[in-house]
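Step one of this worksheet: look at the structure below.
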Amino acid sequence: MADTKKQGFFARTSSFFRSCIGEIKKITWPTPKQTTKNFFIVLVVIIIAGLFIYALDRGLYALLNLVMSTGTH
């Protein structure tokens, strides 16, 4: 018959942290050059998205003013 005895709390916790450390060792960290490149890519995308949202806001505001000014005459 197979041994079906449950592990204790400390044995499970120890096993969990050992597996966490094993997984952390598998991580491939980016080089500083890759990090800098990715930072500038993210920065450019944020600026483009911000400009798009700004232009959309200004355009819709102008359209709203046009609609509101023509409705009162």
Side-chain angles (χ1 to χ4, degrees):
M1 193 163 159
D3 185 18
T4 58
K5 188 175 180 182
K6 283 183 72 173
Q7 288 184 342
F9 171 77
F10 292 109
R12 287 189 317 238
T13 304
S14 173
S15 175
F16 171 76
F17 283 113
R18 271 189 264 122
S19 66
C20 285
I21 290 170
E23 290 298 320
I24 288 173
K25 289 180 180 179
K26 294 178 186 177
I27 295 173
T28 304
W29 296 100
T31 64
K33 185 177 180 180
Q34 290 172 325
T35 304
T36 303
K37 178 183 172 187
N38 290 341
F39 170 76
F40 284 115
I41 290 172
V42 169
L43 193 62
V44 167
V45 169
I46 288 171
I47 290 170
I48 291 171
L51 290 173
F52 175 75
I53 291 170
Y54 175 77
L56 187 64
D57 181 55
R58 298 306 299 170
L60 291 174
Y61 186 73
L63 182 64
L64 181 65
N65 279 339
L66 181 67
V67 169
M68 295 301 281
S69 67
T70 57
T72 59
H73 291 322

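Starting from 1, each residue takes its place in the sequence as its number.
- For the pair I48/F52, no side-chain contact is recorded, criterion being any heavy-atom separation below 4.5 Å from C-beta on.
- In this structure a side-chain-to-backbone donor-acceptor pair under 3.5 Å is missing from E23 to C20.
- A distance-only check finds a donor-acceptor pair linking the side chain of T13 to the backbone of F9 [under 3.5 Å].
- Separating the NZ atom in K33 from the CG atom in N38 is a distance of 12.5 Å, to the nearest 0.5 Å.
- Separation of atoms NZ (K37) and OG1 (T31) is listed at 10.0 Å; rounding is to 0.5 Å.
- A single hydrophobic cluster is not seen to contain both Y54 and L63; linkage of ILVMFWY side chains at heavy-atom distances under 4.5 Å, directly or through other members, places them apart.
- A donor-acceptor pair under 3.5 Å links the side-chain atoms of T36 to the main chain of P32, judged by distance alone.
- Note that the CG atom of N65 and the CG atom of L60 stand 11.5 Å from one another [nearest 0.5 Å].
- Under the 4.5 Å side-chain heavy-atom criterion for grouping Ile, Leu, Val, Met, Phe, Trp and Tyr, F40 is connected to L51 within one hydrophobic cluster.
- Of the inter-residue distances, the one linking F16 atom CZ with R18 atom CZ reads 12.5 Å to the nearest 0.5 angstrom.
- Between the OH atom of Y61 and the CG atom of L66 there is a distance of 13.0 Å, given to the nearest 0.5 Å.
- Atom CD of residue Q34 and atom OG1 of residue T28 lie 10.0 Å apart, to the nearest 0.5 angstrom.
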